[in-house]
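All of these numbers come straight from a predicted model, not from anything done at the bench.
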Amino acid sequence: MKLNTKFGKFGGLFVPETLVAALEELESAFIKYKDDKKFNDELNDLLKNYAGRPTPLYFAKRLSKIAGCKIYLKREDLLHGGAHKTNNALGQGLLAKYMGKKRIIAETGAGQHGAAVAMIGALFGIKTEVFMGSEDIRRQRANVLRMKLCGTKVISVESGSRTLKDAINEALRDWIANVQDTFYLFGTVAGPHPYPTIVKHFQKVIGEESKKQILDTEKRLPDYVIACVGGGSNAIGIFNEFLEDKNVKLIGVEPAGHGLNTNKHGATLNKGSIGVLHGSMSYVLQDSDGQILETHSVSAGLDYPGVGPEHSFLKDVKRVKYESITDKEAINAFKLLSEVEGIMPALESSHAIAYAMKLAKTLDKNKVIIINLSGRGDKDLEQMEFLVK
């Protein structure tokens with residue numbers, strides 16, 4: 001048995017020959033264990049009793065009153081670790097344990113994936129190292145401290161824009177040199193095959209829970225499901241269960257950055273072109289020579305010039321609509337949700353909230369929106385301190 005390597009024309013395996021055997025080993029292990037009863041019993045126990053699943057689907061009453069329609073928040077911010085990243089880190093971390101790997105490496109942008117991997121490294125007693133751009137280390141200090149407290153070594157990346165793209169580059173270089181004993185725990189639905197499929201598998205629990213919860217509460221499906229998109233794992237996680245429900249509109253929200261004509265860019269799916277980045281074909285932000293452009297977003301987790309290949313496919317077949325939100329709009333949404341619901345969203349999730357509030361003004365009061373609140377905003381407090389001065 002083999003997994004599909006592509007989503008339409010997107011995805012694939014564009015890596016040095018030295019990594020092919022490691023990716024084939026990973027694919028074989030995933031196929032072996034994804035339906036294994038012992039593996040899934042252990043994973044489900046950890047998701048429930050360690051991570052805190054299921055997460056609630058919360059009716060945001062005051063936010064809904066302002067919006068003019070019903071808004072529900074899928075509370076991934078309440079998951080242990082503070083974001084949806086724990087789902088995937090637990091799944092892949094357990095896979096590393098079953099494969100007998102002695103070392104885990106990972107990349108991180110906002111630090112939520114790094115923090116989740118650090119927790120899982122501590123949980124399983126596996127040596128863990130995380131690559132993080134020095135710019136992200138500066139703006140996500142709290143998560144750096146969390147990683148170190150869990151015994152993880154945080155490796156500062158000084159190349160390029162010193163953000164997520166560069167952290168992935170360094171992690172891949174490390175993996176090439178240490179494939180025998182090292183497991184690369186990739187954080188999003190991008191990268192070479194089989195990572196987009198593996199990460200989706202461990203994140204699809206978000207959508208499975210959301211569908212059951214909204215049917216229990218509203219006795220019907222939502223009209224819209226909205227999630228932020230950087231690499232895109234939280235969005236694929238919630239969208240997956242609704243893909244066949246054609247009356248449910250799915251919206252991914254990208255960062256538009258400053259929203260100005262600067263030398264840094266955003267909104268990969270809206271402004272990018274098809275190319276290859278980090279081992280897979282997808283939409284990427286690149287110049288006419290194929291050189292990857294520098295990106296900017298106020299949210300470190302969305303500061304990435306690529307996107308998962310399945311998102312590129314869903315854009316092309318018009319199943320998901322992709323919109324963009326500026327830094328300013330995201331910051332305003334961060335403040336709004338904090339003030340009216342007492343829930344501080346991650347800056348990444350704030351992009352989804354901002355777009356949902358714009359959309360809601362065009363809808364009637366009976367429409368139902370689910371927003372995937374992919375993470376909490378504690379990590380962004382230092383950055384947002386100016387809001388309370």
Which residues satisfy the side-chain hydrogen bond (donor to acceptor under 3.5 Å, both in side chains) test with S350, sequence neighbours excluded?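 With sequence neighbours excluded, S350 shows a side-chain hydrogen bond (donor to acceptor under 3.5 Å, both in side chains) to no residue whatsoever.
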
Partners passing side-chain hydrogen bond (donor to acceptor under 3.5 Å, both in side chains) against R319 (at least two apart in sequence or in another chain):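 Checked R319 against side-chain hydrogen bond (donor to acceptor under 3.5 Å, both in side chains); zero matches.
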
Looking only at side chains, do E254 and H351 share a donor and an acceptor under 3.5 Å apart?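 Distance-only check fails for E254 and H351.
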
Distance alone, cut at 3.5 Å: any donor-acceptor contact between the side chains of D77 and S349?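 There is no such pair (donor and acceptor under 3.5 Å, judged by atom type) between the side chains of D77 and S349.
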
How many angstroms lie between OG1 in T182 and CH2 in W175, if you round to the nearest 0.5 Å?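 Separation between the atoms: 9.5 Å.
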
Rounded to the nearest 0.5 Å, what separates atom CG in N40 from atom CG in D45?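 Between N40 CG and D45 CG, I get 12.0 Å after rounding to 0.5 Å.
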
For E385 and D380, indicate whether the former's side chain and the latter's backbone hold a donor-acceptor pair under 3.5 Å.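 No; judged by distance alone, with no hydrogens or angles, the pair does not exist.
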
Heavy-atom distance under 4.5 Å between the side chains of F186 and V117, does that happen here?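 With C-beta onward as the side chain, the pair stays apart.
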
Any pair counted as side chain to side chain donor-acceptor pair (under 3.5 Å), so long as it reaches residues 242-253, sequence neighbours left out: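 Side chain to side chain donor-acceptor pair (under 3.5 Å) check on residues 242-253 returns K211-D245.
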
Side chain to side chain donor-acceptor pair (under 3.5 Å) contacts touching residues 333-346 (sequence neighbours left out):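 Only Y58-E341, K335-E339 qualify under side chain to side chain donor-acceptor pair (under 3.5 Å).
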
When you check the gap from the basic side-chain N to the acidic O, do [X] and [Y] get nearer than 4.0 Å?
| X | Y | result |
| --- | --- | --- |
| K212 | D216 | yes |
| E24 | K2 | no |
| D223 | R220 | yes |

In chain order, what residues pass the salt bridge (charged side-chain N to carboxylate O under 4.0 Å, His left out) check against [X], with sequence neighbours excluded?
| X | result |
| --- | --- |
| R376 | D378 |
| K127 | E129 |
| K358 | E329 |

Which salt bridge (Lys or Arg N to Asp or Glu O under 4.0 Å) pairs, counting each pair once, include a residue from residues 182-208, with sequence neighbours left out?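 Of all non-adjacent pairs touching residues 182-208, those that pass salt bridge (Lys or Arg N to Asp or Glu O under 4.0 Å) are K200-E310.
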
Among pairs that include at least one residue of residues 114-125, which meet salt bridge (Lys or Arg N to Asp or Glu O under 4.0 Å), considering only residues two or more places apart or in two chains?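 Listed once each, the pairs would be none.
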
For K74 and T55: C-alpha separation, side-chain torsions, deciding distance, then whether side chain to side chain donor-acceptor pair (under 3.5 Å) applies. CA-CA 7 Å; K74 181 56 174 165; T55 58; 2.9 Å; yes

Once side-chain contact (heavy atoms from CB on, under 4.5 Å) is applied, do any residues pair with I274, and if so which ones, sequence neighbours excluded?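 I274 satisfies side-chain contact (heavy atoms from CB on, under 4.5 Å) with K9, F10, M281, Y283 only.
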
Is it true that F30 and H201 have ring centroids separated by less than 6.0 Å?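 Judged by ring-centre distance (under 6.0 Å), F30 and H201 do meet the cut-off.
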
Exactly one of R139, K165, E135 should register a side chain to side chain contact (heavy atoms under 4.5 Å, CB included) with D303. Which one does?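 Only match with D303 under side chain to side chain contact (heavy atoms under 4.5 Å, CB included): R139.
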
Sequence neighbours excluded and cut-off under 3.5 Å, please list the side-chain donor-acceptor pairs for residues 224-242, or say none.
residue, atom, partner, partner atom, Å
S233, OG, H84, NE2, 3.0
N234, OD1, N372, ND2, 2.9
N234, ND2, C228, O, 3.0

Who pairs with F334 by ring-ring contact (aromatic ring centres under 6.0 Å, His included), at least two apart in sequence or on another chain?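 Expected list: none.
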
